[in-house]
Amino acid sequence: MNSLSKEKRQQLILAVLLTILAVTGLWLGLIRSQQQNLVNVAKKTEAARNKLQLVKQSIETADQTEQQLGEARKQLNKHEELMASGDLYSWAITTLRTFKLGYKVEIPQFSQIDGPKDVNLLPAFPYKQVTLTVGGTTAFHEFGRFLADFENQFPHMRLMNLSLEPASSQTAGESDRLSFKMEIAALVKPSAS
């Protein structure tokens, strides 16, 4: 480089700088954008492969899903058979009186039935509900057993707003007698509403 004249040296440096700029421009302008496009295409391809895999898996398990759906429909129909239907007040009274036969619980007070109306616990729920207030007396432990068994046997009914007080007329051996008042909310079978 020492043997070149000053003017030739400057031209050579300028040519090298212009070449570097041109290569850098090509890299930034064309190659880098193409590499980014290739990365994006690879991501889209991977996403499409994953989606295809999910679709294949869904197709393979369609029979199993159909079977599970059939079993769920059977369970739903079984639960709907226990739901309130027909004369709702009569259904509620009959259901309670039949259930309480196995317990020492007296339920002489029944309010008028309220409903059917939209369920207030869950929004956009496909069933209606009726509410009935009942009152009675029983022994403390018997009442606990009654409540637990009632909600286990009737998953479509809920006991709400329970109030307990010592029974007003207790004999010497009945110190654990309670007076109770509670609301019973029951789902109504769709065809009955």
Side-chain angles (χ1 to χ4, degrees), residues 44 46-165 167 176-193:
K44 288 179 183 178
E46 186 62 29
R49 281 188 184 131
N50 290 340
K51 190 173 183 179
L52 178 63
Q53 184 64 29
L54 285 175
V55 169
K56 284 180 179 179
Q57 200 172 28
S58 296
I59 290 170
E60 290 171 1
T61 60
D63 292 335
Q64 181 183 2
T65 304
E66 186 81 25
Q67 182 181 7
Q68 290 172 342
L69 178 63
E71 290 172 12
R73 280 191 180 130
K74 286 178 187 176
Q75 284 183 331
L76 180 62
N77 289 337
K78 180 181 168 185
H79 286 293
E80 282 184 349
E81 288 300 316
L82 297 173
M83 288 182 184
S85 61
D87 179 5
L88 299 176
Y89 186 73
S90 175
W91 176 89
I93 303 294
T94 303
T95 301
L96 279 171
R97 286 193 173 149
T98 303
F99 179 76
K100 78 176 187 84
L101 289 177
Y103 305 89
K104 295 176 185 171
V105 176
E106 299 169 18
I107 307 177
Q109 302 168 359
F110 295 93
S111 72
Q112 289 298 316
I113 203 155
D114 181 25
K117 59 185 176 183
D118 290 334
V119 174
N120 56 8
L121 294 176
L122 300 170
F125 197 64
Y127 297 100
K128 300 281 187 186
Q129 83 176 18
V130 293
T131 307
L132 175 73
T133 303
V134 298
T137 58
T138 186
F140 177 78
H141 292 292
E142 188 68 15
F143 188 63
R145 201 169 63 89
F146 174 81
L147 288 180
D149 291 349
F150 185 84
E151 286 203 334
N152 286 330
Q153 184 168 340
F154 299 106
H156 59 280
M157 297 172 79
R158 285 292 169 253
L159 303 175
M160 306 179 308
N161 300 329
L162 174 63
S163 65
L164 299 172
E165 297 176 0
D176 68 340
R177 299 249 339 136
L178 298 172
S179 291
F180 64 88
K181 185 176 181 182
M182 63 185 168
E183 291 179 9
I184 299 174
L187 296 177
V188 178
K189 189 187 281 190
S191 62
S193 56

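Bear in mind that the values here come from a model prediction, so they are computed numbers and not experimental data. Just the heavy atoms: all of them, side chains too, but no hydrogens, waters or symmetry mates, feed the values below.
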Under the criterion side-chain contact (heavy atoms from CB on, under 4.5 Å), which of N161, L162, T133 is the partner of K181?
T133
State whether the number of non-hydrogen atoms from other residues, nucleotides or ligands found under 6.0 Å of E66 atom CD is greater than 12.
no
Can you confirm whether K100 is buried at NZ, in the sense that more than 12 heavy atoms of other residues, nucleotides or ligands lie under 6.0 Å from that atom?
yes
Can you give me the closest heavy-atom contact between [X] and [Y], atom names plus distance?
{"X": "A139", "Y": "R177", "result": "N-NH1, 3.7 Å"}
{"X": "G136", "Y": "P108", "result": "CA-CD, 3.7 Å"}
{"X": "L132", "Y": "Y89", "result": "CD1-CE1, 3.9 Å"}

Kindly compute the distance separating CD (E151) from CD1 (I184), expressed to the nearest 0.5 Å.
9.5 Å
d(K56 NZ, E60 CD) to nearest 0.5 Å is 8.5 Å
Could you go step by step and tell me if F99 and I107 meet the side chain to side chain contact (heavy atoms under 4.5 Å, CB included) rule?
CA-CA 11 Å; F99 179 76; I107 307 177; over 6 Å; no
Are the side chains of F180 and L147 in contact, using a 4.5 Å heavy-atom criterion?
no
Would you indicate whether the side-chain heavy atoms of L164 and F143 approach each other to under 4.5 Å?
yes
Parallel under 30°, tilted from 30 to 60°, perpendicular over 60°: which one fits the rings of F154 and F150?
tilted
Indicate yes or no for a side-chain donor-acceptor contact from E183 to the backbone of T131 under 3.5 Å, with no hydrogens or angles considered.
no
Considering residues at least two apart in sequence or located in another chain, which fulfil the salt bridge (charged side-chain N to carboxylate O under 4.0 Å, His left out) criterion with R145?
E142
